[in-house]
Number of protein chains: 2
Amino acid sequence: MPRMSAAEKQKSHDRILDAAARLFRERGIEAASIADVMHAAGLTHGGFYKHFSSKQALVAEAFRHAAGELLSGAGAGADAGGAARAGAQARFIARYLSPDHVADTGQGCPVAALGADAARHGGAVQAEASRAVARMAAFLAPDEPDGEDRGLALMALLAGTVTLARLADTPELAARVIAAGRRAAGILGKEAGEDPVETAV
Amino acid sequence: MPRMSAAEKQKSHDRILDAAARLFRERGIEAASIADVMHAAGLTHGGFYKHFSSKQALVAEAFRHAAGELLSGAGAGADAGGAARAGAQARFIARYLSPDHVADTGQGCPVAALGADAARHGGAVQAEASRAVARMAAFLAPDEPDGEDRGLALMALLAGTVTLARLADTPELAARVIAAGRRAAGILGKEAGEDPVETAV
DNA sequence: CAATTTGGATGATTATTATCATCCTTCATT
DNA sequence: AATGAAGGATGATAATAATCATCCAAATTG
C-alpha cells in the first residue's frame, strides 16, 4: 500500500525482528518461513527483502535481538560490583531456571532455544550466537580470578537445564530437572563464594 | 531391484537407521530429507515407506538408536555399584566433555544435537528424547539419596557444555567452554562425594 | 503542486519436500 | 517350473520454500 515515513519503516523493521525472534525460537529456524514471519508482523512476504538481504541475515539479527532483550531485561545492576552485581546475577539465574522460562520458548533465551541450530548454520548466525554466549557468560561471571570460566560453565548449566526441562515428557520430570538445575547452580555459585540462587529468594 | 531375504531387509533397515541417526544429528531434523537419508543408506527414496511409516517415526527411532549406542558404548560397568560404577561414570563424562565429541556431532549425543528440536516436535520424538534423558541421568546418578537429581543436573551441564562448545566462534572459546564444563562437572561430583573427572584421568 | 522515490503487495519462478502409486525383479513356496 | 509376495526403483503429486520482478500508492523533495 503506502509509502511510510522513515519512522514507520523502522517500526515495520522492528515488528519483523520481533516476530522473527519469536517464531524462530518457537518453531526452529527451518520450520519458520519468511512468509510466516512477515504474516506475524502484519505484512506480506514480498516486502521482506526491502528489510533484510536474506533469511540468514534475518536469523542472525533476530538472534542478536533476542539476546539483547534477555540481557537488558535482567541487566539492572550488572555493571556494578559486589553485592549489587551478585544480586543481579542471582535474579537472572532464578528467572532463567523458572517454569515460566521453560514454558515461554518464544520469549526465552535464544541460546537454549536455537543454540544447536546456530552451531550448524555457521556464518553470521553462529557468530551472533557465539557473541551472545560470551556476553551472557561475562554477565554471570563472579568477581574472581577464573571468573570467566565459571560464567561459561554456569551458562552451559542454565541452557542445558532449560533444554532438558522442555524435552521432558511429563510435568513431574520437568519440575525435577529445574529443581536439580537450581541446586547445581547453587553449588557452582557457592564454590565461587556465594550461592546465587538461595540469595535471590 | 531384488526381493531380499528377511535378513537382508533387516540390514537395509539398520543402514537407514544409521544414516538417519547421523544425518539428523549433523544437519538437524528439518534439513535432512528422506531422500538424503535413503541415499546415504545406499538406497533410493521411494522404498522408504516399506521401512517406516513416516518421517516422524524415523526421527523417533533414530533418536532411540543414537541414545542406545551412546549408552551401550560407555556402559561397561554401569550396572555395578561402588568404584566400578563411579569409574564408568567418570569415563563417560570425560569422553562426553572432549573435543572429539564436540567435533563429531553426527556420532555424538542426540540430546545435545537434537534436544531443542525434539522438544518442539512433540509426540514420539519428544517421548524418545525424554526417555533418553532419563536413562542417561540414571546412569550418571551417584549412589546417594538425591542421586537422581544430581544425575539430571550433570546431564544438563554436559549437554549444555557441548552445545556451547559447538556454538563457539573460535577454537579458543570452544576449548575454554570444555575446560570450564569439566571443572564444573568435577565440582558437582565432589559435592556428591568424589570427583568424576579427576578420577578418570 | 509535480516529480521522484520507495515501502509494501501481488504474483511468478525455481527448487525441494513428504508422501504415494506403480512397476520390476527376485526370493520363497508349491 | 509356476505362482505369489514383497523390497526396492521410478516417477508423479501436491505443498511449501526462498528469492525476485513488477506494480501501486503515498510521502518527501523541489
Side-chain angles (χ1 to χ4, degrees), chain A residues 1-21 23-24 26-63 114 117-118 120-125, chain B residues 1-21 23-24 26-63 114 117-118 120-125:
Chain A
M1 318 160 174
R3 155 129 195 240
M4 304 167 116
S5 72
E8 292 298 315
K9 173 174 187 188
Q10 184 61 37
K11 265 189 170 167
S12 293
H13 192 91
D14 290 347
R15 280 212 319 278
I16 297 172
L17 219 45
D18 272 332
L23 287 185
F24 287 146
E26 279 177 3
R27 306 184 190 173
I29 294 174
E30 314 270 342
S33 72
I34 288 179
D36 291 337
V37 169
M38 291 298 277
H39 190 75
L43 299 173
T44 53
H45 70 276
F48 171 73
Y49 291 91
K50 296 280 167 63
H51 288 279
F52 299 93
S53 63
S54 67
K55 187 182 182 180
Q56 295 283 326
L58 174 66
V59 174
E61 287 238 23
F63 202 108
L114 302 174
D117 268 347
R120 288 189 268 260
H121 271 73
V125 178
Chain B
M1 307 164 189
R3 155 121 198 242
M4 305 169 113
S5 71
E8 293 296 317
K9 176 176 184 186
Q10 185 59 38
K11 265 190 167 166
S12 292
H13 192 91
D14 290 347
R15 281 213 317 279
I16 296 172
L17 219 46
D18 271 333
L23 286 184
F24 287 147
E26 278 178 2
R27 306 183 191 173
I29 293 174
E30 313 270 343
S33 72
I34 288 179
D36 290 338
V37 170
M38 292 298 278
H39 191 74
L43 299 173
T44 54
H45 70 277
F48 171 74
Y49 290 90
K50 296 282 166 63
H51 288 276
F52 300 93
S53 63
S54 68
K55 186 181 182 180
Q56 295 282 325
L58 174 66
V59 173
E61 287 238 23
F63 202 109
L114 302 174
D117 268 346
R120 286 188 268 259
H121 271 73
V125 178

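Owing to the predicted nature of the structure, the values given are computational and were not obtained by experimental measurement. Numbers restart at 1 for each chain; the letters A, B, ... are given by sequence-line order, proteins then strands.
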Whole-Å distance between [N] [atom2] and [X] [atom1]?
{"X": "A/H39", "N": "C/dT10", "atom1": "NE2", "atom2": "P", "value": "12 Å"}
{"X": "A/R15", "N": "C/dG7", "atom1": "CZ", "atom2": "P", "value": "14 Å"}
{"X": "A/Q10", "N": "C/dT6", "atom1": "CD", "atom2": "P", "value": "16 Å"}
{"X": "A/M38", "N": "C/dT10", "atom1": "CE", "atom2": "C1'", "value": "13 Å"}
{"X": "A/K11", "N": "C/dG8", "atom1": "NZ", "atom2": "C1'", "value": "17 Å"}
{"X": "B/K50", "N": "D/dG7", "atom1": "NZ", "atom2": "C1'", "value": "6 Å"}

Any salt bridge (charged side-chain N to carboxylate O under 4.0 Å, His left out) pairs touching residues 34-59 of chain B, not counting sequence neighbours?
B/R27-B/D36

Using a 3.5 Å limit for the pairing distances, which stems of at least 3 consecutive Watson-Crick or G-U wobble pairs does DNA chain C take part in?
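Counting only runs of 3 or more consecutive pairs, the stems involving DNA chain C are C:1-13 with D:18-30, C:18-30 with D:1-13.
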
Letter by letter from the 5' end, nucleotides 11-21 of chain D scores (B base, S sugar-phosphate only, - none; protein heavy atoms under 4.0 Å) BB----SSBB-

State, with a plain yes or no, whether a side-chain heavy atom of [X] is found less than 4.5 Å away from one of [Y].
{"X": "B/F48", "Y": "B/V37", "value": "no"}
{"X": "B/I29", "Y": "B/H121", "value": "yes"}
{"X": "B/F52", "Y": "B/I16", "value": "yes"}

Out of curiosity, B/Q10 CD to B/L17 CG, how far, rounded to the nearest 0.5 Å?
9.0 Å

With rounding to the nearest 0.5 Å, note down the distance linking CZ in B/F24 to CG in B/L114.
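It comes to 8.5 Å.
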
Looking at A/R120 and A/D117, does any basic side-chain N land under 4.0 Å from a carboxylate oxygen?
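Looking at A/D117 together with A/R120, the answer is yes, because their closest N to O distance falls below 4.0 Å.
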
